[in-house]
**Q** 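This is the structure I want to talk about, given as structure tokens.
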Amino acid sequence: MNDFDAIPDHGLGWLEASGEHADIVLSTRVRIARNLQGHAFGPRARVNDREAVLRQFRRSMERSEALRGGTLLEMPDVADRTRRILHERRLVTRDLLGEEGAEPASGTAVHFSRNDPVSVMVNEEDHLRVQSLLSGLRVQEAWHIVDRLDEELGRELPFAYHQEFGFLTSCPTNVGSGLRASVFMHLPGLVLTKEISKALRGLGELGLTFRGLYGEGSEVVGNFFQVSNQTTLGRTEEDLIDHLDTVVRKVIHDEMQARQVLLRDARGVTEDKIWRAYGLLRYARSLSFEELMNLLSGVRLGVSLKLLPGLRVYTLNKMMIFTQPAHLEQAAGRDLPQAEGDAHRASFVRRILATEGDVSADERGSNGDDAHAQP
Amino acid sequence: MSDMVCENCGSTDAVVHLTQIVNNEMSTHHLCEKCAAEKGLEAAPDVTNLPLIDVIAQMAQESSDELGSASEECSFCGLTFGVFRETGRLGCPHCYETFSDHLPRLLRRIHGSTKHVGKVYLPPDPTASEMEKRLDGLRRKLERAVQSEDFERAAEIRDQIRSLEPA
């Protein structure tokens, strides 16, 4: 059976490029951490703790309107490649899957709701991690979805809660609200105009932090940044959410200005960069994931600036997800050594651009004016 | 950092240096983190981007007591404070009670605060004051939803409030 058939939109709804500023903001994610009374937290939980937590969660599934009819995948029962695909679709964390190569711990699971785009990881670092992942900039909406499910879960389950410290978590960096909201943004304008370090420093001063593609500790690739709240204690959830939303809008504004500066002062170079990136993607025979991400950054900038008519942000989003190793292996129906994977990646990209990425209108378009081109 | 004496308790780790101007007279005070906190002088919440275990190590370096004794142990899960310092992960909800003397300093450093002000969780058998806190929280949320003209959400929260209020 295909596990993904049971997940709404196959867990890909967040790629659809809907939502505000979807060309700059790929996705918004809000998660809260909750733990149950009477059991050790994830890293110190024994098998019986984890199984008891999962049992309690299962019981709440029967009683909660929001959880009923959803899909629960227990990680040890899920095939290895499927687990990796779940991770590549950002539906589960590396942490839930356990050490690379090892089997996931018993009791680890993920639940997808039937109606709302919201899921619950069970027995991750915290007993429950409720998360909503949406396309575009939709911080408030994601929070409301998570909050609603949290209310239902809280009626059924005995949360570990402290009058002073709030919701208790394995790591003290999450205690209090347990809330982490993050916005996944593409900021090539700020990078190319060398304004990015100033922008990132500014985030730090405002209590926000940034990370790479896969969250904590991961590298920044393709000018994608994940911006999130740094603190979880001492401010209300609504404050944290509004603050992130406000600051992110400011960053988007700065990014758009930087792009205008690029077009004004270096239009020729910028257009050349964008078209070269497109050309490489369209014809390359081998692409590493990192190279792909860097080229996609150029093309995404082009689409956003309307320099590549006919290409949609949705197509670019799909290219990021379906070209990761487990997705390529799934399509090939077998494991792929790296060199082969690079060839499969390039071939996937060529095919999708041939069907969804016809930009041939360009030659008659507005770019014929070379007056601004630089030598 | 030089060993500056805290003028309140005499310990040698004054890290908060306060310059005050009162009636046009400037004065400078040196306090250790603990005494400063007791006087309500939070060190500026410079929430660092450092991984937690580095923050813990940094705090141990700055002050003579290392946050807490390594052998102190949680009676529920058996986690020692020493292990917490190495891993940055607490073992269970009870750890927050066991180490409640040491955690506020750390939390202040990480979050710039030691007190939760967000959602109030209502246990299955709530006391009157827990109920009141919970209702306060919901009313605050309601006000916010109305302000932002999110009437669907406001209606939802109003229902939650009604279900809790005595008939």
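Side chains are part of it too, since the values below use all heavy atoms of this structure and drop only hydrogens, waters and symmetry mates. Protein chains get the first letters and strands the later ones, always in sequence-line order, with residue 1 at the start of each.
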**Q** Does any non-hydrogen side-chain atom of A/Phe41 lie less than 4.5 Å from one of B/Cys95?
**A**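 No, their side chains stay 4.5 Å or more apart.
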**Q** Could you please spell out the steps behind the salt bridge (charged side-chain N to carboxylate O under 4.0 Å, His left out) verdict for A/Asp239 and B/Arg144?
**A** CA-CA 10 Å; A/Asp239 276 347; B/Arg144 195 148 191 149; 3.3 Å; yes
**Q** Could you tell me which portion of A/Leu240 (side chain, backbone, both or neither) has an atom closer than 4.5 angstrom to a non-hydrogen atom of chain B?
**A** neither
**Q** I need the residue from A/Pro43, A/Gly42, A/Gly38 with the largest number of non-hydrogen atom pairs under 4.5 Å to chain B.
**A**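 That would be A/Gly38.
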**Q** Checking the side chain of B/His116 only, and the main-chain atoms of A/Leu233 only, is there a donor and an acceptor separated by less than 3.5 Å?
**A**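 No; zero donor-acceptor contacts below 3.5 Å.
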**Q** Could you tell me the separation between the NE2 atom of A/His162 and the OG atom of B/Ser100, rounded to the nearest 0.5 Å?
**A** 6.5 Å
**Q** Report the option among A/Gly178, A/Gly166, A/Ala160 that has the most heavy-atom pairs separated by less than 4.5 Å from atoms of chain B.
**A**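 Ranked by heavy-atom pairs under 4.5 Å with chain B, first place is A/Gly166.
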**Q** Between A/Leu36, A/Leu179, A/Thr169, which has the largest tally of heavy atom pairs under 4.5 Å with chain B?
**A** A/Thr169
**Q** Would you call the rings of B/Tyr121 and A/Phe159 parallel, tilted or perpendicular, taking 30° and 60° as the class edges?
**A** tilted
**Q** Take atom CD of B/Glu143 as the centre, draw a 6.0 Å sphere, and report whether it contains more than 12 heavy atoms from other residues, nucleotides or ligands.
**A**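 No, not enclosed.
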**Q** Does this structure show an ion pair linking A/Glu237 with B/Lys119, if we count only N-O contacts that are shorter than 4.0 Å?
**A** no
**Q** Counting only non-hydrogen atoms closer than 4.5 Å, does A/Ile32 touch chain B with its backbone (N, CA, C, O), its side chain (CB onward), both, or neither?
**A**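 For A/Ile32, neither part sits under 4.5 Å from chain B.
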**Q** Who wins among A/Glu125, A/His144, A/Arg155, A/Arg148 for the most heavy-atom pairs under 4.5 Å with chain B?
**A**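 Among A/Glu125, A/His144, A/Arg155, A/Arg148, the one with the most close pairs to chain B is A/His144.
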**Q** I'd like to know whether CZ of A/Arg46 has more than 12 heavy-atom contacts from other residues, nucleotides or ligands below 6.0 angstrom.
**A** no
**Q** Which residue, B/Cys74, B/Cys92, B/Cys77, forms the side-chain contact (heavy atoms from CB on, under 4.5 Å) with A/Arg44?
**A**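 In the set B/Cys74, B/Cys92, B/Cys77, the residue that makes a side-chain contact (heavy atoms from CB on, under 4.5 Å) with A/Arg44 is B/Cys77.
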**Q** B/Ile110 versus A/Gln230: any side-chain heavy-atom pair under 4.5 Å?
**A** no
**Q** What option among A/Gly154, A/Ala45, A/Ser170 has the most heavy-atom pairs under 4.5 Å with chain B?
**A**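 Between A/Gly154, A/Ala45, A/Ser170, the count favours A/Ser170.
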**Q** Quick one: closest heavy-atom pair of A/Ala40 and B/Phe76, and the distance?
**A**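 Shortest heavy-atom separation between A/Ala40 and B/Phe76 comes out as N-CE2, 4.4 Å.
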**Q** State, yes or no, whether a side-chain contact exists between A/Asp147 and B/Arg153 at a heavy-atom distance under 4.5 Å.
**A** yes
**Q** Among the options B/Leu122, B/Leu79, B/Thr87, pick out the one with the most heavy-atom pairs lying under 4.5 Å from chain A.
**A**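 Option with the top pair count is B/Leu79.
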**Q** Quick one: pull up CD in A/Glu151 and CD in B/Glu156 and give me the separation to the nearest 0.5 Å.
**A**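 The CD atom of B/Glu156 is 9.0 Å from CD of A/Glu151, to the nearest 0.5 Å.
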**Q** Distance from B/Glu97 atom CD to A/Phe165 atom CZ, nearest 0.5 Å?
**A** 8.0 Å
**Q** Where do A/Cys171 and B/Gly88 come nearest, in terms of heavy atoms and distance?
**A** SG-O, 3.8 Å
**Q** Are B/Lys141 and A/Thr236 packed together at the side-chain level, in the sense that at least one heavy-atom pair is separated by less than 4.5 angstrom?
**A** no
**Q** Which pair of heavy atoms, one from A/Pro172 and one from B/Leu52, lies closest together, and at what distance?
**A**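 Smallest interatomic distance, heavy atoms only, reads CD-CD2, 3.5 Å.
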